Amino acid sequence: MSVLLIVDVQNDFCLGGALAIKDGDKVVPLVNQLRPHFERVILTQDWHPANHLSFAENHPGKKAGDIVDLEGAPQILWPSHCVQGSAGAQFHKDLVIQSEDLIFKKGTDQNLDSYSAFYDNQRRKSTGLGEYLRRIGCREITICGLATDYCVRYTVLDALAEEFKVNVVTEACRGVDLNDGDSARAIEEMKEQGARIATVHRIFQQ
Ligand code: VGL
Ligand code: ZN
């Protein structure tokens, strides 16, 4: 069973969004080209309550980019983004979504962030994605979306740790790059851990 996992292609990560990633919306046509080549498409949706503790706004005196302790682990503070039910949390309007697609929402717990589509950042709870993939007989997944250095990176590393074969379509990913080179380093790390870099062109040829 071939699976395409589309990570967080939501308005807040695109042009004009609350946590806009440079050229985030440029991934949309590429992701749309990828999807017909897969038997199943799964999307993740960052889906925070307004009081989420990854938001700088919910820590008086702190600003986006600061790091705080959240339940014993360091947490980067972000501008408020992908608030449940808000326009910013919706998928980009040009992203093709079909009724049979599966959507995994994450980051719903006020006290925990969840970059990975598999687990929250503290690895307390599984989202059920790994179990689902095993149940449908999926051994290999192809991952694209936003952001290369956060949700894509964590998702890829968890997928590898769960022993899936992982392809990352880096041209259909964009990163935040809080520090110069974060996305490039994330790609190197994913490769070192065993991810294969795929291109839209190469998938077309298969
Ligand atoms: C993301 C920061 C905060 C992401 C989500 O989708 O990569 N990054 N929440
Ligand atoms: Zn988030």
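Keep in mind it's a predicted model, so treat the numbers as computed, not measured. We count ligands from 1, going down the list as the structure has it; atoms in each ligand are counted the same way. Just so you know, residue 1 is the first one in the sequence shown, and it goes up from there.
- Look at His81 and the Zn ion (ligand 2): an N/O/S atom of the residue is under 2.8 Å from the metal.
- Between Val200 and Val169 the shortest side-chain heavy-atom distance falls below 4.5 Å.
- For Thr199 and His201, the side-chain atoms include no donor-acceptor pair closer than 3.5 Å.
- Within the listing of ligand 1, atoms 4 (C), 6 (O), 7 (O) sit less than 4.0 angstrom from a heavy atom of Ala147.
- Of the N or O atoms in Leu19, none lie within a sub-3.5 Å distance of an N or O in ligand 1.
- Protein heavy atom nearest atom 6 (O) of ligand 1, with residue, atom name and distance: Asp8 OD2, 2.6 Å.
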Task: Test log, rule side chain to side chain donor-acceptor pair (under 3.5 Å), inputs Asp113 and Gln75 - done: CA-CA 8 Å; Asp113 210 355; Gln75 168 72 46; 3.1 Å; yes
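- His81 and Phe13 have their aromatic ring centers within a separation under 6.0 angstrom.
- The main-chain N or O of Val96 is found under 3.5 Å from a side-chain atom of Asn32 such that the two form a donor-acceptor pair.
- When distances from the Zn ion (ligand 2) to the N, O or S atoms of Asp46 are compared, OD2 comes out shortest.
- Of the polar atoms of His81, at least one N or O is found under 3.5 Å from an N or O of ligand 1, judged by distance alone.
- No more than 12 heavy atoms of other residues, nucleotides or ligands sit less than 6.0 Å from atom CG of Leu15.
- Contacts with ligand 1 closer than 4.0 Å are made by no heavy atom of Val176, backbone or side chain.
- Under the 3.5 Å distance criterion, the side-chain polar atoms of Asp69 are matched with a main-chain donor or acceptor of Gly72.
- Using a cut-off of 2.8 Å, one finds that His52 contributes no N/O/S atom close to the Zn ion (ligand 2).
- None of Lys106, Gln84, Gln10, Lys105 except one satisfies the side-chain hydrogen bond (donor to acceptor under 3.5 Å, both in side chains) rule with Asp46; the exception is Lys106.
- Distance from atom 5 (C) of ligand 1 to its nearest protein heavy atom, with residue and atom name: Asp46 OD2, 3.1 Å.
- Between Cys173, Cys82, Cys151, it is Cys151 that holds the heavy atom closest to atom 4 (C) of ligand 1.
- Counting only heavy atoms of the protein, atom 8 (N) of ligand 1 lies nearest to Tyr150 CB, 3.8 Å.
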